[in-house]
Amino acid sequence: MVQTSGKETYIQTLFAERLGGALFGKEQKIYKFEKIKRTKRAALAAHPGVGLIDFGVGEPDEMAFPSVVQALQKEAEKPQNRGYTDNGIQEFKDAAARYMLKVYDVNNINPETEVLHGIGSKPVLAMFPAVFINPGDITLTTVPGYPIMGTHTLWYGGEVVNLPLLEQNQFFPDFDSLSADVKRRAKLLYLNYPNNPTGAGATREFFEKVVKFAKENRIIVVHDAAYAALSYGTKPFSFLSVAGAKDVGVEIHSLSKAYNMTGWRLGFAVGNERAIAGYGTVKDNYDSGQFKAIQMAGVYALDHPEITKEIAAKYERRLRIMVSVLTEMGFNAKMPAGAFYLYVKMPKGIKHGKRFACAEEFSEFLITEKLISTVPWDDAGAYIRFSATFESKGREDEQRVFDEFRKRMGGLRFEF
Ligand SMILES: Cc1ncc(COP(=O)(O)O)c(C=O)c1O
C-alpha cells in the first residue's frame, strides 16, 4: 500500500466515494502521466549528463507573443480592471464573435447571448455535465481523448460510454455501434477535432452526420476546439459552420494552444443560447471570472489571428520533419490535419529482440533505454504520441534535436 505522510485521522475515512472513499490516496495504481514522470526521473538519474528528448509535452514550448504580453501589461495597470468579472466582459464576447467570423466564417453568433468566457477550456468542459447530467444520464465520449467531461459525468452519477477512434474509420466515432438504450439515455456527446491525440481533422460530411445524429437522438454536442486554429493544409474548421450545429450544441475555444497562452487560462464557449445560459449559471457558482486584463489581452489576441498562423507554421515545419524521420524508422507516420501531435502505431517489437505488449511498455522502453519521452495510448489500439512542442533553442537547434533523435534510435530495427 502507498504510504501517506503523517498520522491517519478521521479525515481519511470521510472522502467521497467519487475519490475512492476511505481508500483515497492509497491505491496501488499509478496513473499514466505519473508513471511517465517517474520513469523520466529514473532514466535521467541513471544517465547523468544525457539530456532527455521530450516529445511528450502537451503544451507550447514558447511564450505568448510580445504584443499580447504588452496588452496585458497595459491593462493590468488600470485600476478599473482590478475586480471580479463574474461571467465576463462584453468586449471579450464581442471579440470572440468577431474571431468566429474572421477565422471560421461563422457569421451567426450573438455576442450577448451565445458566447461566454471560461478560465481555459478545461473548466468549461468540467462544468457541462453539471448543466445537463442527472443520475443515469449518459455522456458519449471519444477514446483516446481528453477525459474531463467524462470524469465529471461520473461525479454527477451519470454514465460514460466510450466511442473508440479507430484508424480504419479516419478516427471518427461510429454512432451506429450504439444500442437503442444508450442512444435514448445519452445527453452529451464530446468531440474534439483536430483531435488530441490522433491528429485527425473533422470533415464537413462528418459534422453534418453529427448534427443529424444529435437531432434524431436529442443529444447536446460539445465540440472541444482547443486545437481548431492549428490546422495544416486546410482552413481552420468550426463545428458551428455546419448547418444546424447551433441548434444542437456548443463549441469550446481556447487561447492556450492557438496563442501560446496555456498559463493565462482563457477560453470561451460559443453556440446554442440555452446551453450557454446553463453553462453561465453553473460557472457563476464556481468562479468569478478571469482577470479583466487577461480578457483584454485576449481581445487583442483574438483580433490578431495571424499570430496563430505563425505558431502553426512552426508546428507544421516540425511535424513534416518528424513524419519523415519516423517513416525512415519504419513507423506509419502521416501528417496530421491539425493540433501538434503525431500519433503512430507502436512496433510489436525489435527484430530478434524485445517484444512490446502495449504502447505503455514501448514508451517506457524509449524513456529508459533512449531517454526519449512520448505519451502512450492503449485505448483503441496501441499507439504512441510524439509532440512537436519539444524545446529547442531556435530553428537551427530543431535540426539538432532531430539528429539526436535519429542517432539514439539508430540501429533499432522495429517490427510492426
Ligand atoms: C483536447 C484538449 N482539450 C482541452 C484542453 C485544455 O486546454 P485549456 O484548458 O488550456 O484551454 C487540452 C489541453 O491539453 C486538450 O488537449
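Order of listing sets the numbers, starting from 1, for every ligand and every atom in it.
- Taking every non-hydrogen atom of Asn196 and a distance limit under 4.0 Å, the qualifying atoms of ligand 1 come out as 1 (C), 16 (O).
- Annotation for ligand 1: atoms under 4.0 Å from non-hydrogen atoms of Gly120 are 9 (O), 11 (O).
- Remark: distances from the non-hydrogen atoms of Thr262 to ligand 1 are all 4.0 Å or more.
- At under 3.5 Å, not a single nitrogen or oxygen of Tyr146, backbone or side chain, sits near a nitrogen or oxygen of ligand 1.
- The closest side-chain heavy-atom distance from Phe239 to Tyr193 is not below 4.5 Å.
- Looking only at heavy atoms of the protein, atom 10 (O) of ligand 1 is closest to Ser256 OG, 2.6 Å.
- In this structure, Gln290 contributes its side chain and Arg265 its backbone to a donor-acceptor pair below 3.5 Å.
- Of the candidates Val124, Ile148, Asp224, Leu125, Asp224 brings a heavy atom nearest to atom 3 (N) of ligand 1.
- Side-chain contact check for Val375 versus Phe33: some heavy-atom pair is nearer than 4.5 Å.
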Task: Asn260/Glu62 under side chain to side chain donor-acceptor pair (under 3.5 Å): CA gap, chis, key distance, verdict - done: CA-CA 6 Å; Asn260 294 348; Glu62 288 191 76; 5.4 Å; no
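- Compare Met261, Lys257, Arg265 by their heavy atoms: the one nearest to atom 13 (C) of ligand 1 is in Lys257.
- Contact analysis leaves Glu59 out of contact with ligand 1, as no non-hydrogen atom separation drops below 4.0 angstrom.
- Panel note: side chain Gln295, backbone Ile89; a donor-acceptor pair is recorded below 3.5 Å.
- Because its NZ or CZ atom is not both nearer than 6.0 Å to the ring centre of Phe340 and within 45° of the ring axis, Arg318 does not count as a cation-pi partner of that residue.
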